[in-house]
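Presented below is the structure to which this report refers.
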Amino acid sequence: MKVSVLAAGSLAMPAGGQDIPRPTRVEAGGWRRFSRLARLGACALSPVLESAPDACRSADVDFDRDELALFFGTGIGEFLSSYSFLKSLFTKGPAMASPLAFQNSVHNAAPGHLSMAFGLRGPSETLCAGPLTVLRTFERAMVHVVAHEQAAIVLLADDLGADSELGWRLAGVDAPLAEGAAAFLIAPARSGSPVLSLVEARGDEALRSPLWPGEVDGARTIGCAEGLYSTAEAHLLAQAFARSEGLRIGFRGERTALDLQALP
């Protein structure tokens with residue numbers, strides 16, 4: 001199964017809780033309601049959507065925000081929002097528990113915020129598959145693109161806060177942690193565009209991935225200096241696209257790999 005990658009963008013942030021810049025397309029009122037996960041996603045998604053009309057036109061693909069599907073993948077989901085809500089419920093009681101944290105703990109909250117902010121009225125789907133999130137999200141999106149012959153957005157993101165970092169440390173993970181997001185505009189395969197394929201992973205030819213926190217050796221293999229997070233492979237795919245380089249990512253325990261073939 002093959003699709004064209006028409007645009008991609010990403011950001012990765014080391015641990016430390018830095019402020020995430022608000023894209024101009026997102027209104028300040030809506031931004032205040034965004035979780036940190038949604039904010040990371042918005043920063044990766046905004047430039048991809050800005051370039052999408054021209055990219056689709058060049059590839060002779062329709063671009064319609066009323067039809068454009070959004071596939072959102074996150075390795076650990078809205079952990080921080082869920083923790084915040086449960087903490088407020090426990091410490092303040094039901095009458096004072098945080099309604100905003102509860103709203104953002106809902107499984108589809110982040111893509112819901114993003115769809116409203118960016119005017120995306122097509123179908124959306126959220127996937128949370130731990131260390132296989134990048135693979136599973138691309139699989140679902142690629143099936144949609146091939147079946148409907150339409151463009152789609154793939155967005156991968158994972159955040160990091162003091163509470164989730166503490167969780168990783170208590171679980172015995174001592175690797176450098178980070179957070180980030182990556183967005184891709186994919187479409188039916190066209191000549192003249194980088195092609196992303198689902199292929200068979202062939203032993204050592206595939207990168208030792210996914211970069212689940214703790215997989216330090218895998219990170220060193222591909223120079224992931226930003227630190228590890230659950231969907232870091234998506235960041236690396238976006239970087240390879242920007243540099244017009246090929247990249248193959250194989251998934252441990254799976255025979256499937258994602259293979260980005262750049263233009264010669």
- Message: Would you say Val199 ends up clustered with Ile186 if hydrophobic residues are merged whenever their side chains have heavy atoms under 4.5 Å apart, either directly or through other cluster members?
- Response: no

- If Ile, Leu, Val, Met, Phe, Trp and Tyr residues are connected whenever their side-chain heavy atoms lie under 4.5 Å apart, and connections chain through other members, are Phe63 and Leu155 in the same group? yes

- Task: Starting from the C-alpha separation in whole Å, work towards a yes-or-no answer on side chain to side chain donor-acceptor pair (under 3.5 Å) for Ser197 and Gln261.
- Result: CA-CA 8 Å; Ser197 306; Gln261 296 180 352; 5.1 Å; no

- What about Val195 and Val134, same hydrophobic cluster or not, with Ile/Leu/Val/Met/Phe/Trp/Tyr joined at side-chain heavy-atom distances under 4.5 Å? no

- Message: So does Leu160 get a backbone contact from the side chain of Ser164, meaning a donor-acceptor N/O pair under 3.5 Å?
- Response: no

- Message: Could you walk me through whether Asp174 and Trp168 satisfy the side-chain contact (heavy atoms from CB on, under 4.5 Å) test, starting with their C-alpha distance in whole Å, then the side-chain angles of each, then the deciding distance to 0.1 Å, before giving a yes or no?
- Response: CA-CA 8 Å; Asp174 58 4; Trp168 289 121; over 6 Å; no

- Okay, side chain of Ser51, backbone of Val48: is any donor-acceptor separation there less than 3.5 Å? yes

- Message: Within the structure provided, determine whether Glu139 and Leu198 are in side-chain contact (heavy-atom separation under 4.5 Å).
- Response: yes

- Checking Arg255 side chain against Ala201 main chain: does a donor-acceptor pair fall under 3.5 Å? no

- Query: Can you tell me if CG on Asp19 sees more than 12 non-hydrogen neighbours from other groups inside 6.0 Å?
  - Reply: no

- Item | Over 12 non-hydrogen atoms of neighbours within 6.0 angstrom of CZ in Arg169 | yes

- Results of side chain to side chain contact (heavy atoms under 4.5 Å, CB included) for Ala238 - residues two or more places apart only: Ala8, Ser10, Ala182, Phe184

- Please examine the side chains of Leu127 and Phe72, heavy atoms only from C-beta on, and report whether any two atoms are closer than 4.5 Å. no

- Does the Thr231 side chain pair with the main chain of Ala234, one donor and one acceptor, at a distance under 3.5 Å? no

- Message: Less than 4.5 Å apart, side chain to side chain, heavy atoms only: is that true for Ile20 and Trp31?
- Response: yes

- Task: Please step through side-chain contact (heavy atoms from CB on, under 4.5 Å) for the pair Val146 and Met1, ending with a clear verdict.
- Result: CA-CA 8 Å; Val146 172; Met1 186 161 49; 3.8 Å; yes

- Query: Do Ser115 and Arg121 have side chains that get closer than 4.5 Å, going by heavy atoms?
  - Reply: no

- Item | Main-chain N/O of Gly130 paired with Thr133 side-chain donor or acceptor, under 3.5 Å | yes

- Message: Would Phe71 and Ile153 count as a side-chain contact (heavy atoms from CB on, under 4.5 Å) here? Give the steps.
- Response: CA-CA 6 Å; Phe71 293 85; Ile153 291 288; over 6 Å; no

- Kindly check if the number of other-residue, nucleotide or ligand heavy atoms within 6.0 Å of CG (Asp62) is above 12? no

- Query: Is it true that atom CD of Glu27 has more than 12 heavy atoms of other residues, nucleotides or ligands lying nearer than 6.0 Å?
  - Reply: no

- Answer yes or no: is there a side-chain heavy-atom contact under 4.5 Å between Pro194 and Ser244? no

- Without swapping roles, check the side chain of Arg57 against the backbone of Val61 for a donor-acceptor pair under 3.5 Å. no

- Message: Closer than 3.5 angstrom, by distance alone: can the side chain of Asp158 be matched with the main-chain N or O of Ile76 as a donor-acceptor pair?
- Response: yes

- Query: So do the side chains of Leu114 and Val26 get within less than 4.5 Å of each other, counting heavy atoms only?
  - Reply: no

- Query: Step by step, would you call Arg136 with Glu254 a salt bridge (Lys or Arg N to Asp or Glu O under 4.0 Å)?
  - Reply: CA-CA 11 Å; Arg136 298 296 178 231; Glu254 295 282 324; 3.1 Å; yes

